[in-house]
Structures are given as C-alpha cells and as structure tokens.
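Worksheet for the structure shown next.
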Amino acid sequence: MTFRSILGSSAGVSFRDALLQSLAPDGSLYVPETLHPVASGFLGKLESASLQEIGEETLRQFVPDIPGQKLQRILNRAWTFPVPLRHLEDGIFLLELFHGPTLAFKDVGARFMALALSHFLLREERHATLAVATSGDTGSAVAHGFRSVPRVAACILYPSGKISALQERQMTTVGGNVCAIEVEGSFDDCQLLVKQALMDPELVRVRNITTANSINIARLLPQIAYYGWGIAQLFAGCRSLGDRFRPPVIVVPSGNLGNLTAAAYAKALGFPIRYLVAATNANDVFADYLHTGSYQSRTSVQTLSNAMDVGNPSNLGRLQALFHHDIAEIRRVIRAYRVSDAETLEEIRHTRERTGVVLDPHSAVGVCAARRHLRASPGDSPVIVGATAHPGKFPEVIERALGQPPEIPGPLQKALQARAQSIRMPCDYAALRSLILDLPYPD
Ligand SMILES: *Cc1c(COP(=O)(O)O)cnc(C)c1O
C-alpha cells in the first residue's frame, strides 16, 4: 500500500492501481502515504548523478511494483532529451524543461506515465483506453507520449477553435493509436465528456478506460527528478568555479500546481532547496490563499501564459495534504507572486535585451517573479526558474513583445508539415461513447 486518497475514505492502493484509476473512488486525488528521504550517501555525490539516476533513486520508493532494472529502462527510454541548467544572469538560472518532443515540461511526466502503463498492461496481457481533455499543452504531450505505445489507444478531446493552430497541429499529426477529437464546445465540455466516459461502467469493463491529466500521480512523481537534476548541475557548476554551494530558491510558473507539488516533494525528499516560489499570472487563487489563509476558487481569465489559466488548481489538495493542512507550514516553504500580461511582455523584452535569451510567456512569468523575489529579499541564495516551454510554441506573443517572431524549432516545423487528422464531433456523450468502443488498439 503506497498511495492514499486525500479524503481518506478510499483504501490505500499500489502505484499500479493509482495509475490505472487516476482518481480515487472517493473522488479525491491519490498522494504518497509516506515520503522517505533520499539516502544521504546519494545526495552527497549528487553532482555526479545523471537525470535518469536521480529519477531511479527518487521514484523507486513509489513504484515497488516495477522491478529496478525495468524502471531504469523505462527512464532511459522516456527521457532521451537534455534538461540543461542555463545561467541567465547574476543569481538567476533557467532549468530548461522544454527540450522534449512537444517542447514543454509535460513531456517528462507524460512519457514516463505512458511507458509505466504499458509495462503493467503487457505484464497482465490487458489493453487500456486513455481519454484526455485538453486546452493545449497536455494534449500534445500525451499524444506524443502515448504514440505507438503497445496495448494503449488514446483519444484526446480539444475544444474546436479554442486552442492555438500550433497546438492543434501537434495533436492531430500523431495518428496511429492516438485519435484527436475536435469537440464542438468549450474546454469544460470536453472535461465533462471525459468524466462521463470514466464513470461509464461499460467503458470501464470493456475498454479499461483511464485518463492522463495531472490528477494522475504517475505524471507528477517523475517531475521530482528534474529538480534534483537542476540542483546537481548547480552543485557541479559551483565546484568547477570554486564557489560555495548554497541551496537554491526554486521558482515554478504555476497553473494546476502539479509542477509546484513535485518541487515540494523534492524538498520533502531532502534535496537542498531553500524555499519555493509559485509564479502565477492573473489567475492568482493560490497567492490569495497564501495571503488570506482561506481558499476561494474563481472562474479563470484568459492571459498570455494560457497554460496557467486555472481558476481551481487541481493539485492544491496535494500540497495541503503534504503540509498537514496547516497554512503556517505552507507559508514557511512557499511564497507566491502574481505577474500581469503587461509585465510578462516587458520581461520577454527586458531579458532579451540583457541576455539575448528569448523566454516563452510562462517562463517569463517565472523570471519576473524571480526578479521581484530577489528585490524583496536580497540574499545569497541562487534562484532556479523552471522554464516550462519553448518560445517557438507561442509565436504571436513573442512577436507582440519583440516585434519579430521566434525561431520555430525542428519538431514544430515537422508538425506543421505533417498530415493532420482529427474527428469532429458534437458535444454529445453518445457519439463519444460509440467512437471509443470502436477505437483500434495498436497491436
Ligand atoms: C501546464 C503548464 C504550466 C502549468 O503547470 P502546472 O503543473 O499545471 O502548475 C506552466 N507552463 C506551461 C508551459 C505548461 O504547459
């Protein structure tokens, strides 16, 4: 028994069950029952460990149901791209999480989840169908993560006309076992359809239906590793310059708070982190919560950093559970800054002028928060900002900030040229249901 539901009214389950169920039967999210600190011997030589080795060390306690060597193979296959720590300027570093196939950090968790799921399905000789609602980045990461993964069929529901052209191309050009569904409705409609599918007893029985958004713990846990890896690179940098290592402050551009929760888990596991900063756009319910101590969800508003437009962050419950529902405890570890659209554009310009680096709008929210933090509490801790996406994914915003479009990287150019395929569907559950029942499996 490794995972419990936050509400505590469902029985504890293994990693495999949490992965396949996504949501606990009591309707709340699964969290690890215990967090055992990483061995001090491993932390002592962190600077010589690779991202995959840190992944294995941090994930092992959560996945006793995957043998060690198999876990190693999964991580090596999932993380084939670099996650470099780049020195931006005095005291600020960027942890570039966007070198995966869809150019956003979500690739890290989605690829691990896909291979872990396929491990269990192969072992049990079963199949599963994945249904995911997306407003953009999740869908492309899941589509690419599950592409050609044996024994899984995936369907990605996105709202017609409400995602960027690039994001749509990234989802609709994968094909094979990944079916892109354009729903005549809003993102909320897509989410409702997926919920209905997950609760449909026939789909559960016949198709083993599950989902892969960040409520699934299997996407969140692998993200712990890159915080350890960022610190390992900082360690190594200090060593080579003859500087003293100081535990960094970590800034996380935040929406559903999954990435921030992974950073909080990294700190709980003993990685040397001074404290955490949540950087949000105008959707700042989390900052309000830290400030007032009482939580109030809101309808989300649209901003330039649209992957963070969340009015009711799904992972807040996980953070509260980690800190024993004690707001004072949360405040000791996490601060929050809110960054407006105007400040985001100004930060993209400012950073480009000072350093030559082009930030995507989400990373710009992070860097802006980092600067504000450094002004408010000038100390000697270096700051690591999670750079969550490549600027090439947001050409309109970059052009607005800099007067010229960003470079479009290779994988995106390929997606722009590939043949797109999607099924357009009215917002109607019966239509989705019959479509899912007919989806072919890849083998
Ligand atoms: C999803 C996303 C975020 C928000 O991450 P959460 O884990 O939901 O807080 C930030 N930036 C980018 C680019 C994203 O795709």
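Quick caveat, the model's predicted, so the values are computed rather than measured. Numbering starts at 1 and runs along the sequence shown.
Separation of atoms CD1 (I224) and CG (N259) is listed at 11.0 Å; rounding is to 0.5 Å. L221 CG to F112 CZ: the interatomic distance, rounded to the nearest 0.5 Å, is 7.5 Å. With rounding to the nearest 0.5 angstrom, the CG atom of L432 is 6.0 Å from the SG atom of C155. In this structure, T58 OG1 and F271 CZ are separated by 5.5 Å, a value rounded to the nearest 0.5 Å. Separating the NE2 atom in H119 from the CG atom in D65 is a distance of 7.0 Å, to the nearest 0.5 Å. Here L345 contributes atom CG and R400 contributes atom CZ; the two are 5.0 Å apart, rounded to the nearest 0.5 Å.
Two residues are said to be in side-chain contact when any heavy atoms from C-beta on lie closer than 4.5 Å; K162 and C190 fail this criterion. In this structure, the side chains of N216 and S22 come closer than 4.5 Å at one or more pairs of heavy atoms. Looking only at side-chain heavy atoms (C-beta outward), L94 and V367 come within less than 4.5 Å of each other. Using a 4.5 Å heavy-atom threshold, the side chains of L198 and I209 count as touching. Looking at heavy atoms from C-beta onward, N312 lies in side-chain contact with Y295 at the 4.5 angstrom threshold. Side-chain contact check for T261 versus Q223: every heavy-atom pair is 4.5 Å or farther apart. With a 4.5 Å cut-off on side-chain heavy atoms, T129 and L203 do not count as touching. Side-chain atoms of L316 and V285, non-hydrogen and from C-beta on, never get closer than 4.5 Å to each other.
In this structure, R147 contributes its side chain and V178 its backbone to no donor-acceptor pair below 3.5 Å. Looking at S254, its side chain never comes within 3.5 Å of a backbone N or O of T280 through a donor-acceptor pair. The backbone N or O of S363 sits less than 3.5 Å from a side-chain atom of D360, completing a donor-acceptor pair. Between the side chain of S118 and the backbone N or O of V149 there is no donor-acceptor pair closer than 3.5 Å. The backbone N or O of L304 lies less than 3.5 Å from a partner atom in the side chain of D341, making a donor-acceptor pair. With W229 contributing its side chain and V83 its backbone, the two residues share a donor-acceptor pair below 3.5 Å. Judged purely by atom type and a 3.5 angstrom limit, Q413 uses its side chain to pair as donor or acceptor with the backbone of I408. The backbone N or O of F120 lies less than 3.5 Å from no partner atom in the side chain of R126, so there is not a single donor-acceptor pair. T34 contributes no side-chain N or O that, together with a main-chain N or O of H36, makes up a donor-acceptor pair within less than 3.5 Å. At least one donor-acceptor pair closer than 3.5 Å links the side chain of T210 to the backbone N or O of L20.
For the residue pair A143 and V174, the shortest heavy atom distance occurs at O-CG1, 3.8 Å. Contact between P32 and Y265 at its shortest, heavy atoms only, is CD-OH, 3.4 Å. Closest heavy-atom contact between D189 and C427: CB-SG, 3.6 Å. Closest approach of G55 and W79 over heavy atoms only: CA-CZ3, 4.1 Å. Among all heavy-atom pairs drawn from S314 and I215, the shortest one is CB-CG2, 4.0 Å. The minimum heavy-atom distance between P313 and G255, with the atom names listed, is CB-O, 3.4 Å.
Heavy atoms from other residues, nucleotides or ligands lying under 6.0 Å from CZ of R123 number more than 12. Atom NE2 of H325 has more than 12 neighbouring heavy atoms from other residues, nucleotides or ligands inside a 6.0 Å radius. Within 6.0 Å of CD on Q302 lie no more than 12 heavy atoms contributed by other residues, nucleotides or ligands. Atom NZ of K195 is surrounded by 12 or fewer heavy atoms from other residues, nucleotides or ligands within 6.0 Å. The environment of E407 atom CD is sparse: at most 12 non-hydrogen atoms of other residues, nucleotides or ligands sit within 6.0 angstrom. Remark: R433 CZ is packed, more than 12 non-hydrogen atoms of other residues, nucleotides or ligands lying under 6.0 Å away.
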Apply side chain to side chain donor-acceptor pair (under 3.5 Å) to the pair S28 and D26, showing each step before the final yes or no.
CA-CA 6 Å; S28 69; D26 66 14; 2.8 Å; yes
Quiz prompt | side-chain contact (heavy atoms from CB on, under 4.5 Å) assessment of K267 paired with I250 | solution = CA-CA 10 Å; K267 183 163 167 57; I250 303 234; over 6 Å; no
So F62 and L35, side-chain contact (heavy atoms from CB on, under 4.5 Å) or not? Walk me through it.
CA-CA 9 Å; F62 303 117; L35 291 164; 3.6 Å; yes
Exercise for review: Output, in order, the C-alpha distance, side-chain angles, deciding distance and verdict of side-chain contact (heavy atoms from CB on, under 4.5 Å) for Y158 and E168.
Suggested key: CA-CA 8 Å; Y158 65 93; E168 183 167 9; 2.8 Å; yes
- Message: Applying side-chain contact (heavy atoms from CB on, under 4.5 Å) to R331 and F323, what does each step give before you reach the verdict?
- Response: CA-CA 10 Å; R331 285 182 183 138; F323 296 106; over 6 Å; no
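When T134, V142, T102 are each tested for a side chain to side chain contact (heavy atoms under 4.5 Å, CB included) with M171, only one passes: T134.
A ring-centre distance under 6.0 Å is found for Y275 and H373. Taking the six-membered ring where the residue is Trp, the centroids of H390 and F98 are separated by under 6.0 Å.
Judged purely by distance below 3.5 Å, without hydrogens or angles, the side chains of S305 and N281 pair a donor atom with an acceptor atom. With hydrogens and angles left out, the side-chain atoms of N283 and D309 include a donor and acceptor closer than 3.5 Å. Looking at Y289 and Q320, their side chains do bring a donor and an acceptor atom within 3.5 Å of each other. When only modelled atom types and interatomic distance are considered, Y30 and Q21 share a side-chain donor-acceptor pair under 3.5 Å. N315 and R318 share a side-chain donor-acceptor pair at under 3.5 Å.
Ring orientation note: the planes of F394 and H362 are tilted relative to one another, at an angle of 30° to 60°.
A salt bridge links R424 with E182; the closest basic N to acidic carboxylate O contact falls under 4.0 Å.
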